[in-house]
Amino acid sequence: MPRPSIAYVDEQPDERDNFFGDAYDSGLFEEIHLIAPNPDIDVTLAELKELKIEALVTDFNLSAAGPLGYSGEELVARFLRIRNEFPCFIRTSWEEDALRTSADVNRVYSKNARQDERAGRTLFHRIELQIQHYKKQIDRWRFELDELMAIEPAKRNAAHVEQILELDGKLESSIGDDMGLPKDVKKSLFDVRDSLLEETELLVTEMKRALDDKD
């Protein structure tokens, strides 16, 4: 199994170098991309999106070396809008502050302790495990989507179409737009859904009318 690639964002060169050395020594990763945060968060996000990574790790206080308009928590939150449920981790020397502001305390790790005593695993092993869980989730979504797409179009109902579009959206957000269904297929599914919903609404209207006539 090929080793995954990860990215680490930190404003301090020494911290980036330390992280690289520890991650490299773990022997768990194929590539370790070191990123200095741009003052414009959109530029940093664009750089991360272009990389073929399977996990994102960032420092929490990205303003230690100079003013910056966002924190590592904000960077992660924005990145998760692009890559749904992507493995993200926050390293910090200010653990209490990070825990108070993080949307998920389980992604916060202290720079002062390489070993997580509670789980008995290093941060890097946790990253590797989370990547594996993430890949399995994507495989489940793909399997469900393949099963639904295998249903004959004439036999698909509105629930099937809604589920197909939902799974496709998750896969697009998780892996990238290029992994989604072709646009012509989506259009046909939207057309089918709209048609089915319209037929359902007409049926409900007719049933209400019939009930009113009985009164």
Side-chain angles (χ1 to χ4, degrees), residues 1-9 23 26-33 45-46 48-58 72-73 75-91 102-109 116 118-197 200:
M1 180 182 296
R3 293 177 299 169
S5 297
I6 63 173
Y8 178 59
V9 182
S26 75
L28 297 173
F29 310 109
E30 184 66 29
E31 292 181 299
I32 305 155
H33 301 274
L45 288 167
L48 290 168
K49 188 177 178 182
E50 288 299 313
L51 297 173
K52 302 297 182 182
I53 58 172
E54 291 161 277
L56 167 62
V57 188
T58 179
E73 171 62 27
L75 181 64
V76 164
R78 287 284 303 276
F79 191 77
L80 287 172
R81 295 182 200 172
I82 302 170
R83 293 285 186 267
N84 183 42
E85 298 186 31
F86 193 83
C88 292
F89 300 84
I90 296 173
R91 294 177 77 236
S102 178
D104 183 356
V105 296
N106 294 312
R107 68 168 67 113
V108 176
Y109 292 86
D116 184 341
R118 291 168 299 172
R121 292 184 182 275
T122 65
L123 167 63
F124 302 113
H125 280 102
R126 283 187 168 245
I127 292 172
E128 182 194 33
L129 287 173
Q130 190 61 31
I131 289 171
Q132 292 176 12
H133 294 324
Y134 179 67
K135 287 180 175 179
K136 288 178 182 177
Q137 178 63 73
I138 289 172
D139 287 341
R140 285 193 289 270
W141 287 338
R142 279 176 167 165
F143 179 76
E144 290 177 42
L145 183 60
D146 288 343
E147 284 196 320
L148 288 164
M149 291 301 295
I151 298 173
E152 293 180 26
K155 294 182 179 179
R156 287 189 195 132
N157 56 35
H160 291 147
V161 174
E162 286 291 341
Q163 195 172 357
I164 288 171
L165 293 171
E166 180 182 350
L167 288 168
D168 177 67
K170 287 181 177 180
L171 287 168
E172 274 193 350
S173 178
S174 299
I175 311 170
D177 293 346
D178 56 326
M179 299 300 292
L181 293 171
K183 285 185 171 55
D184 58 334
V185 174
K186 281 187 183 179
K187 184 179 184 307
S188 68
L189 288 169
F190 276 115
D191 290 343
V192 170
R193 182 191 64 174
D194 292 343
S195 176
L196 289 169
L197 290 174
T200 301

What distance separates Q132 CD from I127 CD1, expressed to the nearest 0.5 Å? 12.5 Å
Do V9 and V57 have side-chain heavy atoms sitting under 4.5 Å apart? no
As an exercise, state the distance from CD of Q163 to CG of L148, rounded to the nearest 0.5 Å. 4.5 Å
Taking only Lys NZ, Arg NE, NH1 and NH2, and the carboxylate oxygens of Asp or Glu, determine whether R140 and E144 approach each other closer than 4.0 Å. no
State the CD-CD1 distance between E128 and I131, to the nearest 0.5 angstrom. 7.5 Å
Of all residues at least two apart in sequence or in a different chain, which pass the side chain to side chain contact (heavy atoms under 4.5 Å, CB included) check with E30? R3, S5
To the nearest 0.5 Å, what is the distance between NE2 on H125 and OG on S26? 7.0 Å
Could you list the residues that satisfy ring-ring contact (aromatic ring centres under 6.0 Å, His included) with F86, not counting sequence neighbours? F79, Y134
Do I6 and E54 touch side chain to side chain, with heavy atoms closer than 4.5 Å? no
Under the side chain to side chain contact (heavy atoms under 4.5 Å, CB included) rule, what do W141 and K136 come out as? Steps first, then yes or no, please. CA-CA 9 Å; W141 287 338; K136 288 178 182 177; over 6 Å; no
Taking only residues two or more places apart in sequence or in another chain, which ones pass side chain to side chain contact (heavy atoms under 4.5 Å, CB included) with K155? I151, E152
Would you say that R142 contacts D139 through its side chain, given a criterion of any heavy-atom pair below 4.5 Å between the two side chains? yes
I would like to know whether K49 and R83 meet side chain to side chain contact (heavy atoms under 4.5 Å, CB included); could you show each step before the answer? CA-CA 9 Å; K49 188 177 178 182; R83 293 285 186 267; 3.9 Å; yes
Report the C-alpha separation of I53 and H33 in whole Å, then their side-chain angles, then the decisive distance to 0.1 Å, and conclude whether the side chain to side chain contact (heavy atoms under 4.5 Å, CB included) test is met. CA-CA 8 Å; I53 58 172; H33 301 274; 3.7 Å; yes
Just verifying a value: how many Å separate D146 CG and M149 CE, rounded to the nearest 0.5 Å? 9.0 Å
Spatial distance of atom CG (L75) from atom CG (L48) [nearest 0.5 Å]: 6.0 Å
What is the minimum heavy-atom distance between F89 and R126, and which atoms define it? CZ-O, 4.0 Å
